[in-house]
Chemist: 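So that we are looking at the same thing, I have put the structure below in structure tokens.
Everything quoted here is computed from the prediction, not taken from an experiment. Reckoned from all heavy atoms, side chains included, excluding hydrogens, waters and symmetry mates.
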2 protein chains.
Amino acid sequence: MVEFKIDSVTRNTLSRQVLEKFIQLLMEGDLQPGDKLPPEMDLMHMFDVSRPVLREALSSLETLEIVKRRPRGGTYINEKIGSSPFRAMLALSINNVPAVIEARMTLELGLVTLAAEKISEDQIARLEETIVAIANTVDDDYGALDREFHRIIAESANNPVVSGMIDSLLITHQKTDSLITFREPDITVRHHSAIVKALKGRDPVEAFKEMYNHLQYVREKILANQKGV
Amino acid sequence: MVEFKIDSVTRNTLSRQVLEKFIQLLMEGDLQPGDKLPPEMDLMHMFDVSRPVLREALSSLETLEIVKRRPRGGTYINEKIGSSPFRAMLALSINNVPAVIEARMTLELGLVTLAAEKISEDQIARLEETIVAIANTVDDDYGALDREFHRIIAESANNPVVSGMIDSLLITHQKTDSLITFREPDITVRHHSAIVKALKGRDPVEAFKEMYNHLQYVREKILANQKGV
DNA sequence: TATTTATAATTGTATGACAAAATGAAATTT
DNA sequence: AAATTTCATTTTGTCATACAATTATAAATA
């Protein structure tokens, strides 16, 4: 006998249907960033659902950072893609250290390539500042500078879709940092300098190579400690 | 006079606070994937909020694919990071074609690098199958095969955090595909073959180079048409 | 033992009411 | 006349309660 027990994938609750409808409207361009939605009272009549159901859907949209609501002010479609949803999603995998590091590698390798195409002189200057600062630290406590370096590169890629994610991953960066027992600032400086040199030359392939080299080193360093746990 | 009108960033509604609390519990490991949450009745007393508020938070968690709910069955913390939230977020940027393409480039460049480290013989074989299939298409309608090629590579990187995203981006891939007016299967086959060759050789840098070369071609092809719009 | 049937627990939905906040207009003061 | 204050109204935020729908579990039956 054949058993059927589907239901899953996404159970069709009313609030889910309303949510899907909103996303569909966005995809088809009927709703545009910046648009103001009708008040909840109107919306619940339009969708023919109760207010709690509608509000569950709106709440989800707000969590996804697709809309922004203000008491009395109304509900608006956001302009840019957000980062915090990704951060929340990441919370699930937070303890899977290798996966998180690899995810970070994936993004950074792609980002540095795009950065090489687009980075500005000002951003390069800021990168160099972090390198100098790391070289001058005395207590080996340059985690924040290190993250800043990577953040500037992500920013240089200047992509609204991906840039949100990197913030979240750098937060986990901070977490994985704590797994590093000893630091080698000279190596970090050497690697970072090589990356900047490639970026200066606007050489995507070279920038990638140096970043890959660097991240391999970082990954091994973190995972080596991780094993012992 | 100094004006203050903060409020934003994230307005602290009750449901938002509950949501944040759940995420915090996840980050700190007090909640683990697979865990079953208490029934809503208990939760509302624990958080001291009304049921609609609690349900708004749970609804958001479900939208983020952090939990899964079943009538009468209860609420469970998911095991893996989901993809559909990202899809929803992408809906916002769907009309920003260059940004979406670049996002796809970012991910794929990183993924192909990791794939070179980890891809299995079986996956390589499947990649080769898609190449043969594309070479044999007569009507130039090989969009699905093309996407399958990229999907297998993403799968080969075998990263639970990133793999979800690529699905969403490949959906937009489908959308951007429609912007291509004419196809050049011979070029696609040549590029794909070069990528597979690098993957076979387990050469991350070479795999990256070939993928970058390929995606540059794809990007130009799409954007060239986009300009005329 | 296996199957079917009830029971009860739990999520899903609806209604109604009120609180809180803030916008915009009206009234007041300077 | 202009600026400020006050107030009414709209809209989101929250609560309480009730009932429907679903299904896991236990009980009853074959």
Chemist: Compare the minimum distances between each of dT23(C), dT22(D), dG13(D) and the side chain of Arg70(A), then state the nucleotide with the smallest one.
Modeler: dT23(C)

Chemist: From the options dC15(D), dT22(D), dT13(C), select the nucleotide whose nearest atom is closest to the side chain of Thr13(A).
Modeler: dT13(C)

Chemist: On DNA chain C, nearest-nucleotide positions of Gly73(B) versus Pro52(A): which is more 5'?
Modeler: Gly73(B)

Chemist: Calculate the interatomic distance between Asn12(B) atom CG and dG13(D) atom P; express it in whole Å.
Modeler: 12 Å

Chemist: Grab the CD-C1' distance between Gln17(A) and dG12(C) for me, whole Å please.
Modeler: 12 Å

Chemist: Give the rounded distance in Å between these two atoms: NZ of Lys36(B) and C1' of dA9(C).
Modeler: 10 Å

Chemist: Taking the minimum atom-to-atom distance to the side chain of Val53(B), which one of dT14(D), dA21(C), dT22(D) wins?
Modeler: dT14(D)

Chemist: From CZ of Arg69(A) over to P of dA20(C), roughly how many Å is that when rounded to an integer?
Modeler: 19 Å

Chemist: The side chain of Ser50(B) is closest to which nucleotide in this list: dT14(D), dT12(D), dT11(C)?
Modeler: dT14(D)

Chemist: Parallel, tilted or perpendicular for Phe149(B) and His192(B), by the 30°/60° rule?
Modeler: parallel

Chemist: To the nearest angstrom, how far is Leu58(B) atom CG from dG12(C) atom C1'?
Modeler: 12 Å

Chemist: Looking at the side chain of Glu40(A), which of dT12(D), dT11(C), dA24(D) is the nearest nucleotide?
Modeler: dT12(D)

Chemist: Side chain of Arg72(A) only, please: which of dT14(D), dA22(C), dA24(D) is the nearest?
Modeler: dA22(C)

Chemist: Figure out the CG/C1' separation between Leu14(B) and dA19(C), and round it to whole Å.
Modeler: 12 Å

Chemist: Can we say Glu108(A) and Arg147(A) salt-bridge, meaning some charged N sits less than 4.0 Å from an Asp/Glu carboxylate O?
Modeler: no

Chemist: Whole-Å distance between dT12(D) C1' and Glu56(B) CD?
Modeler: 10 Å

Chemist: Does Ile195(B) form a side chain to side chain contact (heavy atoms under 4.5 Å, CB included) with Ile153(B)? I'd like the steps, not just the answer.
Modeler: CA-CA 10 Å; Ile195(B) 293 169; Ile153(B) 290 178; 4.0 Å; yes

Chemist: Verify, without hydrogens or angle tests, whether Ser93(B) (side chain) and Leu90(B) (backbone) share a donor-acceptor contact under 3.5 angstrom.
Modeler: no

Chemist: Across the strands shown, which category fits Pro39(A) at heavy-atom distances under 4.0 angstrom: base, sugar-phosphate, nothing?
Modeler: sugar-phosphate

Chemist: Tyr76(A) has an atom OH; how far is it from atom C1' of dT11(D), in whole Å?
Modeler: 11 Å

Chemist: If the threshold is 4.0 Å, N to carboxylate O, is there a salt bridge linking Glu129(A) and Arg126(A)?
Modeler: no

Chemist: Can you find a donor-acceptor N/O pair under 3.5 angstrom joining the side chain of Arg51(A) to the base of dG13(D)?
Modeler: yes

Chemist: Taking only side-chain nitrogens and oxygens of Arg55(A), does any of them come within less than 4.0 Å of OP1 or OP2 of dG13(D)?
Modeler: yes

